[in-house]
Amino acid sequence: MFRSAQNAGQTTFPLLAKNQLGVGTGTVGTLGTAAGAIMVLAAWLLATRLASRTAASVVVVGATLLAGSLLVIGSAPSIVWLTAGLVLFGVAGGVTPPSLATAIAAASPAHREKQLARYATVLSASLAGGPLLEAAILYLFHQNVRVALLFFAPFPLVAVAVGMRGKWRRESHLRSGTLDSEPTSALAEVAITRESAPRPSGAQRLVATSDPNTRRPGRAVLLGTPGGRVALIMQLLYSVPFAAITVFGALLAHKDFGLSAAHSQLGFTTFFVTSFISRVVVARRSPINAKRTVFAVCIALTIAGLALIAFGGPAAVFFLAMALLGVPHGVIFPLALSLVASSAHDGHLAAANAGMFATVGLVSAITPALLGAVAAASGYQLMTVAVLAPVVIFSALFAMQWSNVPR
């Protein structure tokens, strides 16, 4: 519910800014960059210094901030209010996802890749359903994007309520000695793991990365290990296309393919459905040994999808391109998290995850402003061609690391 609400804000605020507040395309890109910059700062300054025992609390705070930000954005009467909402939006996105990923990876070290793939699959399910639900809301309320944003604002708070209910129920079972084996929510599992559950043999014990005896552990993992380097390269490779899709996808669909706001959301649904299917496959097949081949296929699909958008055509081409681009979105993220987790030493996982999220977030933050300038000057098709340049660069870096990709 957090991620579906976050995606609604990411993909819909450009329409509100342009159509309701009269903001230009270049300014839309700058606003996207500002939100991304706040997210990066929150990840670097806060998430890298948090111990795993605080993960449940961080999720609650982040969800509350996201709900508040959507209320501000959805009701914004001016660019100032919209900017204030995007600041809250960025903080929520900076601290919550890396903390949750760290907690999940630490809770089940013996089945880390499968659990992370399941986590990513749940994210894809929310991302597939969220745009479809938003398309219905836009249709029912005559394309009113304010109503859509306000509709999603309570979602993060509902998520907190559901998660805390599971946590309290689990703690009650522990106190009464009747703990069962039913699966719990990620938030409940985090809380129980840190508070009550015995630590399994070989489990990592995460510590606060501000310990003076630990210097730059995130950098040591992401740049000093083969798995960390490959994970970071693949995440960065896809970060530029994903930023372009989330910020400019709806505008591009309307301008170059003649789609309405509701139909553009169906394009996002297509994207996230293929992402969801891909993550289901990853979860069922984990651990995946042929990571090199899988990553190479993801690169090919990314280039093919961007090329289709750049060439343009009927609406069916847009939906096909979004379907192709959804596959690498679904596959790269869980496998990259798995590589980072398997490459991190005790106490380094939180910093490594936060460092990767922050680095990818930095690229995603810079991208909208640059692409917005290109789109304003030359149109969306040339902007899409420009997105191919960093994809080619990171593909070359991946090729250089090909022999070092861990099984």
Subject >> Closest heavy-atom pair and its distance - A304, L324 >> reply: CB-CD1, 4.2 Å
Original post:
What distance do F248 atom CZ and T367 atom OG1 have between them, rounded to the nearest 0.5 Å?
Top reply: 9.5 Å
Original post:
Heavy atoms, side chains only, cut-off 4.5 Å: are V327 and V297 in contact?
Top reply: no
Original post:
Any idea how F152 and F155 line up, ring-wise: parallel (<30°), tilted (30 to 60°), or perpendicular (>60°)?
Top reply: tilted
Original post:
How are the rings of H329 and F271 set to each other: parallel, tilted or perpendicular (split at 30° and 60°)?
Top reply: tilted
Original post:
Does any non-hydrogen side-chain atom of L320 lie less than 4.5 Å from one of L308?
Top reply: yes
**OP:** Write down the atom of A375, the atom of M383, and the distance for their closest heavy-atom approach.
**Re:** CB-SD, 3.9 Å
**OP:** Taking all heavy atoms of L362 and all of V40, pick out the closest pair and write down the distance.
**Re:** N-CG2, 2.9 Å
Original post:
Do V59 and F2 touch side chain to side chain, with heavy atoms closer than 4.5 Å?
Top reply: no
Original post:
Atom CD1 of I73 and atom CG of L66: how far apart are they, to the nearest 0.5 Å?
Top reply: 8.5 Å
Original post:
Going by the angle between their ring planes, with limits at 30° and 60°, are Y119 and F333 parallel, tilted or perpendicular?
Top reply: tilted
Original post:
Closest approach of G326 and T274, non-hydrogen atoms and distance?
Top reply: CA-OG1, 3.3 Å
Original post:
Rounded to the nearest 0.5 Å, how far apart are CE of M39 and OG1 of T96?
Top reply: 11.5 Å
**OP:** Work out which heavy atom in A92 is nearest to a heavy atom in P97; give both atom names and the distance.
**Re:** O-CD, 4.0 Å
Original post:
Where is the tightest heavy-atom contact between A244 and V387, given as atom of each residue plus distance?
Top reply: CB-CG2, 4.0 Å
**OP:** Please examine the side chains of Q143 and L15, heavy atoms only from C-beta on, and report whether any two atoms are closer than 4.5 Å.
**Re:** no
**OP:** Could you grab the distance from atom CD1 of I137 to atom CG of L150, nearest 0.5 Å is fine?
**Re:** 11.0 Å
**OP:** Taking the side chain as every heavy atom from C-beta outward, state whether V374 and L370 have any pair of such atoms under 4.5 Å apart.
**Re:** no
**OP:** Hey, could you give me the CG/CG distance between L16 and N144, rounded to the nearest 0.5 Å?
**Re:** 8.5 Å
Subject >> Spacing of CZ belonging to R229 relative to CG belonging to L397, to within rounding of 0.5 Å >> reply: 11.5 Å
Original post:
Hey, are the side chains of I245 and M322 touching, using non-hydrogen atoms and a 4.5 Å cut-off?
Top reply: yes
Subject >> M234 vs I299 side-chain heavy atoms within contact, under 4.5 Å >> reply: yes
Subject >> Non-hydrogen side-chain atoms of F318 and L252 separated by less than 4.5 Å >> reply: yes
